[in-house]
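FYI, side chains are in, hydrogens and waters are out, and symmetry mates aren't considered; it's all heavy atoms of this structure.
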Amino acid sequence: MLRPGTGRGGQRCNGVLAVSEAGIERDDPSKSRITRRLTVITIVVVVAVRAMSRLRRESSRQSVITVELIQFIIQYRAQETQDKKKRRLADEDDELSEVQPDAVPPEVREWLASTFTRQMATSRRKSDEKPKFRSVAHAIRAGIFVDRIYRRVSSSALMQFPPDVVKLLKNLDDWTFDVFALTEAASGQVVKYVAYDLLNRYGVIHKFKIAPGVLEAFLHRVEEGYCRYRNPYHNNLHAVDVMQTIHYCLCNTGLMNWLTDLEIFASLLAALLHDYEHTGTTNNFHVMSGSETALMYNDRAVLENHHVSASFRLLREDEYNILSHLSREEYREMRTLVIDMVLGTDMTNHFQQMKTMRNLLTLQEATIDKSKVLSLVLHCCDISHPAKQWGVHQRWTMLLLEEFFRQGDLEKELGLPFSPLCDRNNTLVAESQICFIDFIVEPSMGVMSDMLEYILTPIAPVLKTKPLPLLEQEGASLVGGSRPSDRRTDEKSSDCSAPPMARKSLTGGTTTKFVIPKPWLLCLAENKKIWKEQAVKDAESRALATAAEEAAANAAEDGDKPAAETEAGGEETAAATEAEAAADGGAAT
């Protein structure tokens, strides 16, 4: 921080000697003007150099940003909230207001306003005007202001992560990531921290010149959109879960090496936005109830169309536009990929999507479009919670069923028939999950595995992978002798995890086929086993409940017989007794 000295003959500011105005006036006027200008230039240069040096030291300590990114932060932090009418903001806290209009030349003021504050620059000075300071004191004051702005930028440009969040984000590369534990540490702001961290890991923030302030504002709005309807399942936690899962597929399978930076960015963005502003109800509900959203999108992929449309409407606003520095061609490619991927999460397209990919994989030299690959990967990530460890999967299942049941309650109020799994009194939870795994999730993960191995085999030698232990003999023989889809139930692991890549077999000298890690195989098998055990218990409970109900009904029928019927029965019993007595008397005779 620069501060004026106290001596009468001069001032000292961070080691820079400022010549006093009184001393200058006693010299030759021309020399005094030159000296004054040199002093001003020296002060400004020294202040700027020292401020930039501090930023460099700060960035080197945090190991997060580069000098180029610092420049982007300074420039675009000002642009993110610029007044569209190009008028000066009346902000009492604006530090630029501390410098009087006559203290700094208009050109310098314009530079300060456009680079370091939220103000628009003032009008440019005329070409014949020359910049000048009225006094060295004014120059020092401007230097102090520059220094303060630099310090403010350095302290607020980067998002601060709570220690507990940092600790949990170390597990972001795992197949089963516990987003429920993260939400407690992050005070519910899971989108803010996970999305920022992942975009930073892949270098997206720097490569596409995204201002950190704009990104943080965008993520805040995305989080708000996911929490708008307070859904038990389709909320910000689900968005983060899918984004983290697609990160696993990009990073741990080697898929990121097959994609461009823009395609990686599009994959992460599509995963983040794929259920933006979800209403907590299904497409079928929107169609049957004739909602405004269904009318807008003509009953076709109602929610998916809304997710992507609302997302790009948000991105059109300057303060949330993280795509502002994409070229026209890059933006069109980005938009097309995101639209294709989000629309690909419509479950009505599931079987056609699987059939198309299976057919492509049977061709000798198939060329698979990247859009189809990424759409299938996102779709699998969207339905992947049954392939995670039981504790996480079981919790997701209960949340999803609660959301279905709420829709069923609403359908009952509206007089609509119950949608599947939406009747809270007649839904077989365990059986529904077993069928979901058998017919949807497990086949989907198998097709995705085969697809990734097919497209990544040609570039397998250049993939950057983690060091691996050698496979055991029987494991290697399985890898070498069967297709990935045939091995799904044979792979074993103690913690639902698999090695990142297959290595050479111990029994042979040839290199095995390229194989991606499949941590979901054991998880699917274990979860299905637990659900089957639960289904048996549920069936027994239902049988006991049914027997108890029948017994209660029979008891109620016995207790509700009319009194007349009881009296008639008594008379019949007495008559029968008398007849028997008479018969016995006759027999005795």
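Between Trp390 and His393, the closest side-chain pair of non-hydrogen atoms falls below 4.5 Å. Looking at Ile530 and Gln394, their side chains never come closer than 4.5 Å, going by heavy atoms from C-beta outward. For the pair Leu378 and Val242, the minimum side-chain heavy-atom distance is below 4.5 Å. You'll find the side chain of Phe436 stays beyond 4.5 Å of the side chain of Leu421, heavy atoms only. Arg335 has its side chain out of reach of Leu323: every pair of non-hydrogen atoms, C-beta onward, lies at least 4.5 Å apart. Using a 4.5 Å cut-off on side-chain heavy atoms (C-beta onward), His238 and Tyr233 make contact. Counting heavy atoms from C-beta on, the side chains of Leu314 and Tyr276 come closer than 4.5 Å. Side-chain contact check for Leu219 versus Ile322: every heavy-atom pair is 4.5 Å or farther apart.
Checked by atom type, the side-chain pair Gln353/Ser375 shows no donor-acceptor distance below 3.5 Å. Residues His220 and Glu216 bring no donor and acceptor atom of their side chains to less than 3.5 Å of each other. In this model, a donor atom of one side chain and an acceptor atom of the other lie less than 3.5 Å apart for Thr348 and Asp346. Looking at Gln407 and Glu411, their side chains do bring a donor and an acceptor atom within 3.5 Å of each other. With 3.5 Å as the limit, one finds a donor-acceptor pair spanning the side chains of Glu223 and Asn236. Between the side chains of Ser291 and Ser289, no donor-acceptor pair is found at a separation under 3.5 Å. The closest side-chain donor-acceptor pair between Glu263 and Ser267, if any, does not fall under 3.5 angstrom.
Panel note: side chain Asn235, backbone Pro232; a donor-acceptor pair is recorded below 3.5 Å. When atom types are taken as modelled, the side chain of Lys370 and the backbone of Leu337 share no donor-acceptor pair closer than 3.5 angstrom. Within the 3.5 Å criterion, the main-chain N or O of Cys523 finds a donor-acceptor partner in the side chain of Asn527. Distance alone, capped at 3.5 Å, is enough to place a donor-acceptor pair between the Tyr226 side chain and the Asp275 backbone. Judged by distance alone, the side chain of Tyr454 and the main-chain N or O of Ala366 form a donor-acceptor pair under 3.5 Å. Put simply, the side chain of Asn200 never gets that close to the backbone of Tyr196: no donor and acceptor are under 3.5 Å apart. Within the 3.5 Å criterion, the main-chain N or O of Ala387 finds a donor-acceptor partner in the side chain of Trp175. The backbone N or O of Phe180 lies less than 3.5 Å from no partner atom in the side chain of Thr183, so there is not a single donor-acceptor pair.
Here Glu453 pairs with Lys518 in a salt bridge; the nearest charged N to carboxylate O distance falls below 4.0 Å. Under a 4.0 Å N-O distance rule, the pair Lys537/Glu533 does not qualify as a salt bridge.
Applying the salt bridge (Lys or Arg N to Asp or Glu O under 4.0 Å) criterion to Lys532, with sequence neighbours excluded, gives no partner residue. Shown here are the salt bridge (Lys or Arg N to Asp or Glu O under 4.0 Å) partners of Asp409, two or more places apart in sequence or in another chain: Arg424. The salt bridge (Lys or Arg N to Asp or Glu O under 4.0 Å) test applied to Glu333 returns no partner, not counting sequence neighbours. Listed by chain and number, the residues in a side-chain hydrogen bond (donor to acceptor under 3.5 Å, both in side chains) with Glu304 are Asn283 (sequence neighbours excluded).
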Practice prompt. Check the pair Arg358 / Thr362 against side chain to side chain donor-acceptor pair (under 3.5 Å), numbers first and verdict last.
Written response: CA-CA 7 Å; Arg358 285 194 185 100; Thr362 60; over 6 Å; no

Item to complete: Just do the side chain to side chain donor-acceptor pair (under 3.5 Å) check on Glu550 and Thr546 with the steps written out, would you?
Response: CA-CA 6 Å; Glu550 291 177 353; Thr546 302; over 6 Å; no

Worksheet entry | Leu255 vs Ile264, side chain to side chain contact (heavy atoms under 4.5 Å, CB included): CA-CA, chis, key distance, verdict | CA-CA 9 Å; Leu255 179 59; Ile264 292 174; over 6 Å; no

Discussion item. Please determine whether side chain to side chain contact (heavy atoms under 4.5 Å, CB included) holds for the pair Gln389 and Asp174, giving the CA-CA distance in whole Å, both sets of side-chain angles, and the decisive distance to 0.1 Å.
Written reply: CA-CA 11 Å; Gln389 292 178 6; Asp174 296 344; over 6 Å; no

Item to complete: Apply side chain to side chain contact (heavy atoms under 4.5 Å, CB included) to the pair Val191 and Leu272, showing each step before the final yes or no.
Response: CA-CA 8 Å; Val191 167; Leu272 174 63; 3.8 Å; yes

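Taking each heavy atom of Val165 and Ala185 in turn, the nearest pair found is CG2-O, 3.7 Å. In terms of heavy atoms, Met341 sits closest to Ala266 at SD-O, 4.2 Å.
Atom CE of Met354 sits in a crowded spot, with more than 12 heavy atoms from other residues, nucleotides or ligands closer than 6.0 Å. Taking a 6.0 Å sphere around CZ of Arg300, one finds it holds 12 or fewer heavy atoms contributed by other residues, nucleotides or ligands. Within 6.0 Å of the CE atom in Met296, the count of heavy atoms belonging to other residues, nucleotides or ligands does not exceed 12. The environment of Lys372 atom NZ is sparse: at most 12 non-hydrogen atoms of other residues, nucleotides or ligands sit within 6.0 angstrom.
In this structure, the separation between CE on Met448 and OG on Ser384 is 8.5 Å, given to the nearest 0.5 Å. Note that CG of Leu428 is 8.0 Å distant from CG of Asp538, once rounded to the nearest 0.5 Å. With values rounded to the nearest 0.5 angstrom, Phe514 atom CZ is found 8.5 Å from Leu452 atom CG. The distance from the CD1 atom of Ile383 to the OG1 atom of Thr345 is 10.5 Å, given to the nearest 0.5 Å. Ile440 contributes atom CD1, which lies 11.5 Å from atom CD1 of Ile437 (distance to the nearest 0.5 angstrom). Once rounded to the nearest 0.5 Å, the distance linking CH2 of Trp520 with OG of Ser444 reads 12.0 Å.
For an aromatic pair to be called close, the ring centres must be under 6.0 Å apart, and His274 with His379 fails this. In this structure, His234 has its ring center at least 6.0 angstrom away from the ring center of Tyr229.
The salt bridge (charged side-chain N to carboxylate O under 4.0 Å, His left out) contacts involving residues 234-255 comprise Asp241-Lys388, where partners must be two or more places apart or lie in separate chains. For residues 279-311, the set of pairs meeting the ring-ring contact (aromatic ring centres under 6.0 Å, His included) definition, not counting sequence neighbours, comprises His278-His307.
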